[in-house]
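Lettering follows sequence order; numbering is per chain, from 1.
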Protein chains: 2
Amino acid sequence: MAGFTIGKLSEATDTKVQTIRYYESIGLMAPFTRTEGGHRLYDIDDRKRLTFIRHARELGFSIDAIRELLSLSDNPQTSCERADDIASRQLDEVEQRLKRLRALQKELKRMVTECGHGRVSDCRVIEVLSDHRLCQTSH
Amino acid sequence: MAGFTIGKLSEATDTKVQTIRYYESIGLMAPFTRTEGGHRLYDIDDRKRLTFIRHARELGFSIDAIRELLSLSDNPQTSCERADDIASRQLDEVEQRLKRLRALQKELKRMVTECGHGRVSDCRVIEVLSDHRLCQTSH
DNA sequence: GTACAATCTCTAGCCACTAGAGATACAAGA
DNA sequence: TCTTGTATCTCTAGTGGCTAGAGATTGTAC
């Protein structure tokens with residue numbers, strides 16, 4: 001019945017104490033209760049909620065998307081169409097980012113391998129960065 | 001000899017006017033000169049410099065890295081070892097990001113395809129987000 | 001000369017935290 | 001019970017890289 005202190009919750013979910021308090025300040029999650037002295041006490045449901053939040057953040061969801069997902073998961077009898085929609089849009093975004101990053105990787109690789117370890121005046125790194133047309137991929 | 005106004009430079013480099021002034025405020029680039037009335041005037045070298053900056057930002061370099069790259073390109077007789085090093089570290093980071101993003105993509109794809117378009121209580125999106133163990137990739 | 005667009009400086013806001021100051025509460029050992 | 005030391009409290013400000021807006025001034029085309 002004692003529940004978790006913020007420190008224990010922090011450890012259990014690998015989330016900084018400050019971040020937990022930040023989530024509280026923006027209304028994402030509040031502690032189950034407080035001690036007489038004012039220390040936060042969390043229960044297992046709080047822990048689940050925070051795990052949900054952290055996991056969604058790791059998957060790249062914005063706080064706003066998470067807020068919506070949380071309200072969906074709080075009302076499990078509603079249609080999941082909305083949740084599916086949010087995840088789909090997230091997937092789209094991730095795929096866009098992947099595309100861009102692959103182009104960057106290619107360019108950086110080329111820059112590094114072509115650098116002859118000589119003087120900056122011959123250095124492809126500087127050269128490519130000075131002139132977009134030298135890129136072989138669009139980004 | 002008239003040079004570019006900030007608006008022309010903005011158009012030419014696809015950079016917002018505010019962003020150009022921001023770069024000036026952090027010491028990345030200053031205008032060639034000013035009009036009597038105080039309007040900024042840029043020359044072709046300023047344009048090159050801004051193109052360099054924007055290109056590097058697109059490639060994911062931090063402002064600090066760019067600051068260093070700029071000082072290297074301002075002194076082309078120095079060794080490019082340092083520039084190569086910066087680019088290599090950037091490549092490492094990009095590859096880390098790629099790895100993570102690919103895992104996320106996989107997870108999101110699975111979440112979306114497995115969503116049966118029914119009720120939230122059966123929804124994989126919510127389920128996966130509630131329980132990390134349901135993920136098939138580490139991220 | 002006048003209208004209107006462009007630019008000026010300055011301040012504040014965005015996201016998602018993160019860090020620190022200074023005060024208070026709690027847990028373990030003497 | 002008292003003390004010591006760690007954990008927590010609130011509050012404010014900073015991070016990076018911009019972006020937006022207010023209100024004043026300048027530049028330009030007719």
Side-chain angles (χ1 to χ4, degrees), chain A residues 1-42 46 49-50 52-70 90 93 97 100 104, chain B residues 1-42 46 49-50 52-70 86 89-90 93 97 100 104:
Chain A
M1 88 138 281
F4 305 91
T5 62
I6 198 166
K8 296 292 168 200
L9 185 64
S10 163
E11 266 178 57
T13 59
D14 197 24
T15 307
K16 298 212 166 138
V17 166
Q18 303 285 51
T19 304
I20 298 172
R21 290 200 276 250
Y22 167 71
Y23 288 157
E24 183 176 337
S25 79
I26 59 168
L28 261 198
M29 61 172 302
F32 170 67
T33 184
R34 296 249 185 166
T35 65
E36 271 186 38
H39 286 201
R40 290 166 177 84
L41 281 183
Y42 298 91
D46 294 322
R49 195 177 179 88
L50 183 53
F52 182 108
I53 295 168
R54 294 306 286 176
H55 196 174
R57 286 292 300 136
E58 277 176 33
L59 285 167
F61 290 92
S62 73
I63 295 285
D64 271 358
I66 291 170
R67 211 185 288 278
E68 198 168 359
L69 286 169
L70 277 169
Q90 195 61 21
E93 262 175 52
R97 270 193 269 165
R100 258 184 65 85
L104 307 193
Chain B
M1 87 139 283
F4 306 90
T5 62
I6 198 166
K8 296 292 168 199
L9 186 64
S10 162
E11 265 177 58
T13 59
D14 197 26
T15 307
K16 298 213 166 141
V17 165
Q18 303 284 52
T19 304
I20 298 172
R21 290 201 276 249
Y22 167 70
Y23 287 157
E24 184 176 338
S25 79
I26 59 168
L28 261 198
M29 62 172 303
F32 171 67
T33 186
R34 297 245 185 170
T35 64
E36 272 187 38
H39 285 201
R40 290 167 177 84
L41 280 183
Y42 299 91
D46 294 322
R49 197 178 178 86
L50 183 53
F52 182 107
I53 295 168
R54 294 305 288 175
H55 196 173
R57 285 293 302 138
E58 277 175 32
L59 284 167
F61 289 92
S62 73
I63 295 286
D64 271 358
I66 291 170
R67 211 185 288 278
E68 200 169 357
L69 287 169
L70 277 169
I86 296 171
R89 268 190 288 107
Q90 195 61 23
E93 261 175 53
R97 270 193 269 165
R100 259 184 64 85
L104 307 192

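Distance CD1 (Ile53(A)) to P (dC15(C)): 17 Å, rounded to an integer number of Å. Rounded to a whole Å, the CD1 atom of Ile20(A) is 11 Å from the P atom of dT18(C). Following rounding to the nearest Å, Phe4(B) (CZ) and dA6(C) (C1') show an atom-to-atom distance of 17 Å. Straight-line distance from the CD atom of Glu36(A) to the P atom of dC26(C): 8 Å, rounded to whole Å. Between Glu58(A) atom CD and dA16(C) atom C1' the separation is 15 Å, expressed in whole Å. Rounding to whole angstrom units, CG of residue Asp14(A) and C1' of dC17(C) are separated by 15 Å. The distance from atom CD of Glu24(A) to atom C1' of dT10(D) is 11 Å, rounded to the nearest whole Å. Here the P atom of nucleotide dA16(C) and the CZ atom of Phe61(A) are 13 Å apart, to the nearest Å.
From Arg40(B), atom CZ reaches atom CD1 of Ile20(B) across 9.5 Å, with rounding to the nearest 0.5 Å.
Phosphate proximity of dT7(C) to Thr5(B): present, with a side-chain N or O under 4.0 Å from OP1 or OP2. Phosphate proximity of dT26(D) to Arg34(B): absent, as no side-chain N or O sits under 4.0 Å from OP1 or OP2. Residue Thr19(B) places no side-chain N or O under 4.0 Å from the OP1 or OP2 atom of dG17(D). Distances shorter than 4.0 Å separate some side-chain N or O of Tyr23(A) from OP1 or OP2 on dC17(C).
Judged by distance alone, the side chains of Arg54(A) and Tyr23(A) do bring a donor and an acceptor atom under 3.5 Å apart.
For the pair Leu70(B)/Ile66(B), a side-chain contact is recorded, criterion being any heavy-atom separation below 4.5 Å from C-beta on.
Among the heavy atoms of the strands lying under 4.0 Å from Arg21(A) is at least one base atom, whether or not backbone atoms are also near. Here Arg67(B) lies out of heavy-atom contact (under 4.0 Å) with every strand. Residue contacts shown for Arg40(A) are limited to sugar-phosphate atoms, with no base heavy atom under 4.0 Å away.
The residues Arg34(A) and Glu24(A) are annotated as salt-bridged, a charged nitrogen and a carboxylate oxygen being separated by less than 4.0 angstrom.
With Arg49(B) contributing its side chain and Leu28(B) its backbone, the two residues share a donor-acceptor pair below 3.5 Å.
The side chain of Gln18(A) has dA19(C) as its nearest neighbour among dC17(C), dA19(C), dC18(D).
Each of Tyr22(A) and Gly37(A) was matched to the nucleotide of DNA chain C holding its nearest heavy atom; the match closer to the 5' end belongs to Tyr22(A). When each of Thr35(B) and Ile63(B) is assigned the nucleotide of DNA chain D bearing its nearest heavy atom, the one mapping closer to the 5' terminus is Ile63(B). Between His39(A) and Lys16(A), the residue anchored closer to the 5' end of DNA chain C is Lys16(A), taking for each the nucleotide with the nearest heavy atom.
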